[in-house]
Amino acid sequence: MKTLAITAAAIGLAVTATPALAAAGPAAGNTMNVSLAGIDLDTPEGQEMLDQRIDRAARDVCKLDRVRTGTRIRSRASIDCYEKAKASAKQQVAAIVEKQRRGG
């Protein structure tokens with residue numbers, strides 16, 4: 001499935017902080033593209049690399065690792081944003097894989 005890796009690299013992913021969190025999260029509505037360049041989704045290593053890129057992008061866009069004054073505890077809004085952003089990215093990956101499987 002080398003074609004998948006090449007085509008997916010051209011498409012990329014967008015990790016999005018959901019608009020539903022606009023009032024609750026500082027990064028709501030922000031997006032970050034995740035490059036699929038150099039990733040072969042047919043291998044476990046490639047899948048792990050993609051998971052790491054998605055995780056890093058979701059942490060950045062949702063400011064999950066941002067230290068809040070007076071506490072080390074992550075805000076519920078940031079955690080929710082992170083979880084939804086990762087789920088959204090995984091859905092996008094599944095759609096790309098399915099499209100490629102169908103020959104599109």
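Start at 1 with the first residue, then count along the sequence. This structure is a prediction, so every number in the text was calculated from the model and none was measured.
A distance of 9.0 Å separates NZ of Lys63 from SG of Cys81, quoted to the nearest 0.5 Å. Separating the CG atom in Leu36 from the CE atom in Met49 is a distance of 11.0 Å, to the nearest 0.5 Å. Rounding to the nearest 0.5 Å gives a distance of 11.0 Å between CG of Asp55 and CG of Leu50.
Taking both residues in full, the closest heavy atoms of Ala58 and Tyr82 are given as CB-CD1, 3.7 Å, listed atom of the first, atom of the second, then distance. Contact between Cys62 and Ala85 at its shortest, heavy atoms only, is SG-CB, 4.2 Å. Here the closest non-hydrogen pair linking Arg53 and Ile39 is NH1-CD1, 3.4 Å.
With salt bridges taken as basic N to acidic carboxylate O contacts below 4.0 Å, none links Lys84 and Asp80. Ion pair Asp51/Lys90 flagged as a salt bridge, since at least one NZ, NE, NH1 or NH2 atom sits closer than 4.0 Å to an Asp/Glu carboxylate oxygen.
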If you apply the rule side chain to side chain contact (heavy atoms under 4.5 Å, CB included), what do you find for Gln92 with Val34, and how did you get there? CA-CA 11 Å; Gln92 291 177 56; Val34 176; over 6 Å; no
List the steps and the verdict of side chain to side chain contact (heavy atoms under 4.5 Å, CB included) for Leu64 and Ile79. CA-CA 7 Å; Leu64 187 66; Ile79 294 169; 4.0 Å; yes
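Put simply, the side chain of Arg59 never gets that close to the backbone of Asp65: no donor and acceptor are under 3.5 Å apart.
For the pair Val93 and Ile54, the minimum side-chain heavy-atom distance is below 4.5 Å.
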